[in-house]
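Since the model is a prediction, treat every value here as computed from it, not as a measurement. Convention: sequence-line order gives letters A, B, ...; per-chain numbering from 1.
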Amino acid sequence: MLDINILRSNPSSIQENLKKRDFLFDVEVFNKLDAERKKNQIDTESLQEKSNKIAKEIASEKDPDLKKNKLKEASQISSQLKESKIKLDSSKLHLNNFLLEIPNIISEDVPVGKSENENSVIYEKGHKNLFNFEVKDHQEIGKLLDGMNFEESVKISKSRFVILKNEIAKLHRALIQYMLNLHTKNGYEELYVPYLVNSESLKGTGQLPKFEEDLFKISNDNMYLIPTAEVPVTNIHRNEILNSEDLPINYVAHTPCFRSEAGSYGKDTKGMIRQHQFDKIELVKFVHPEDAESELEKLTLDAESILENLSLPYRKVILCSGDTGFASTKTYDLEVWFPSQDSYREISSCSHFSDFQSRRMKIRIKQSKANIFCHTINGSGLAVGRTLAAILENNQNENGSVKIPEVLIDYMDGSKELILPR
RNA sequence: GGAGAGGUGGCUGAGUGGUUGAAAGCGCUCCCCUGCUAAGGGAGUAUGUGGUAAUCCUGCAUCGAGGGUUCGAAUCCCUCCCUCUCCGCCA
């Protein structure tokens, strides 16, 4: 949610900025809604004042006749007040709904563009293996190793789920352990959090009200499966006033993530790239606004360190304005190399939300004068399923066996290679 | 799931229809006094949102959340959420 005071004082700059997203901020509609709200609020509050005053007078009025008159008057005010409140509530609701649908403003250093084609690569890192044989994709390797099954999961669930087995299931687990250990060593506090959250939490981080169709909702309760650990972790401090000496707060959490993937029916139908359920390690920071830029860089580096240590080739991309998410002011994507697709694919998305989320969630920083909203930053560190798939593809041998990255060998009880079953 | 008790400011804790945004204590901040320390005295100490250019002034709201009754609700009624105790069930 944007600062309503800026919308009032400088609507054209906001409008200009949001054009970069192809979002039309309708100033006229806004002004109309805000003026309506203002009028109703002033009306209601002055009636309320009158009502409060006369109620006090009644309490101390001794003369029975005067008291009777005042009661009559008070009764009239009260019914006017009731009507006025109804109007006020409705105008507040309209204004609020309007505000909730406005995306965050785009940071000045974000390139302007319409779609992901206009994202710009900052750098590429790591060595792409030059395979002297025809590379297999990860699902084929998974099958050869008897570690990945997409048919059984359809039977027990539906498409876009996977069953991992044996050494691949273990590698999946090893990745989680490894990532959590590295991040906690780098100063992130580890959390275990609920996978079901209420709608307030989703509103706080920005998934609701706009993106309900991307979520799985529990039918017998007003709860949703989390689409990312960002939701429970960021909402930990909802409605809180933080002490500035406690900042930055750094959290890391591993959770499964559930996404309906509505609207992506044709995309990535094979393999583990796009699933309804996947595991992810999420990094979340609560920071002072002044530190936000540098903290985003830090967090992105922390996510990158996993890719580096796993020796996976990747690149860092800054998303253009049109591809930057609703709540974000600036986003870096980390994309890992998939040799079977001859392309890079997103494996982490590191975003600075400025005070967009904290304003919705009312997360403030204690100041001597007026409290300010803190800034939130988060990113994957990393998506586990995609990391697994990337290792299988990048580390494959001709027969389908796979070299285990050095740093994971201990986590695999000393195994250096995933070998084909006999 | 059943029975009962309860949710008040940073904390403890009064308050059962009318100057209660809220007593008192603790904590915290500032000032005074006391040649250190200890003790004492005084003042202040929530959040949000309006009117405003304004940290001055001032209105309104907030005693778990949302409704209702009433001229007036922290106090009465309803629904929901949460906490505690006992019982049942259970990874």
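The gap from the P atom of B/A14 to that of B/G66 amounts to 25 Å, rounded to the nearest Å. Between the P atoms of B/A23 and B/C31, the separation comes to 25 Å (whole Å). For B/G35 and B/C30, the P atoms lie 22 Å apart once the distance is rounded to whole Å. Comparing the P positions of B/C60 and B/A74 gives an interatomic distance of 14 Å, to the nearest angstrom. B/G10 and B/A46 have their C1' atoms separated by 9 Å, with the value rounded to a whole Å. Taking the C1' atom of each, B/U85 and B/A24 are spaced 29 Å apart, rounded to whole Å. Straight-line distance between the C1' atoms of B/G13 and B/G17: roughly 22 Å, to the nearest whole Å. With both ends at atom C1', the span from B/C77 to B/U16 equals 14 Å, rounded to whole Å.
The ring of A/Tyr251 has its center closer than 6.0 angstrom to the ring center of A/His237. Note: A/Phe30 and A/Phe25 meet the aromatic proximity criterion, with ring centroids under 6.0 Å apart. A distance below 6.0 Å separates the ring centres of A/Phe356 and A/Phe326. Annotation: A/Phe286 is not in aromatic contact with A/His375 [ring centroid separation under 6.0 Å not met].
Residue-to-nucleotide contacts include no donor-acceptor pair under 3.5 Å from the side chain of A/Glu49 to the base of B/G59.
Among the protein residues, A/Lys362 comes within range of no part of the nucleic acid, since none of its heavy atoms lies under 4.0 Å from any strand. At the heavy-atom level, A/Arg359 lies nowhere under 4.0 Å from the strands shown. Heavy atoms of A/Ala74 sit under 4.0 angstrom from primed sugar atoms or phosphate atoms, though from no base atom. Within the 4.0 angstrom heavy-atom criterion, only backbone atoms of the sugar-phosphate kind lie near A/Lys82; the bases stay farther away.
Nearer to the 5' terminus of RNA chain B, by closest-nucleotide assignment, is the contact made by A/Lys56 (compared with the other of A/Glu45 and A/Lys56). Summary of the strand contacts: A/Leu71 and A/Ile42 both lie near RNA chain B, and taking for each the nucleotide with the nearest heavy atom, the more 5' one is attributed to A/Ile42.
Taking a cutoff of 4.0 Å between a charged side-chain nitrogen and a carboxylate oxygen, A/Glu335 and A/Arg345 do not qualify as a salt bridge.
Atom C1' of nucleotide B/G68 and atom CG of A/Leu81 are separated by 15 Å, given to the nearest angstrom. Rounded to a whole Å, the CD atom of A/Glu240 is 14 Å from the C1' atom of B/U47. The CG-C1' distance, from A/Leu99 to B/U49, rounds to 14 Å in whole Å. Per the geometry, CG belonging to A/Asn52 stands 19 Å off P belonging to B/G50, to the nearest Å. When rounded to the nearest whole Å, the span between CG of A/Leu242 and C1' of B/A46 equals 16 Å. If you measure from atom CG of A/Asn5 to atom P of B/G48, you get 13 Å, rounded to the nearest angstrom. When the P atom of B/U19 is taken as reference, atom CD of A/Glu57 falls 14 Å away, rounded to whole Å. A/Lys85 places its NZ atom 13 Å from the C1' atom of B/U62, with the value rounded to the nearest Å.
Remark: B/C90 base-pairs with no nucleotide; criterion is Watson-Crick or G-U wobble with both hydrogen-bond distances under 3.5 Å. Nucleotide B/A54 is matched to nothing when pairs are restricted to Watson-Crick or G-U wobble geometry with both distances under 3.5 angstrom. Across all strands shown, B/U16 remains unpaired; no Watson-Crick or G-U wobble contact has both distances below 3.5 Å. In this entry B/U70 has no Watson-Crick or G-U wobble partner, no candidate having both defining distances under 3.5 Å.
Here A/Arg8 reaches the OP1 or OP2 of B/G50: one of its side-chain N or O atoms lies under 4.0 Å away. Taking only side-chain nitrogens and oxygens, A/Arg37 never comes nearer than 4.0 Å to OP1 or OP2 of B/U49.
Considering only side-chain atoms of A/Gln41, the nucleotide from B/G72, B/G50, B/G51 that sits closest is B/G50. Listed nucleotides B/G51, B/G18, B/U47 differ in distance to A/Ile58; the shortest reach to its side chain belongs to B/G18.
With no hydrogens or angles considered, no side-chain donor-acceptor pair links A/Thr329 and A/Asn104 at under 3.5 Å.
Looking at A/Glu293, its side chain never comes within 3.5 Å of a backbone N or O of A/Pro289 through a donor-acceptor pair.
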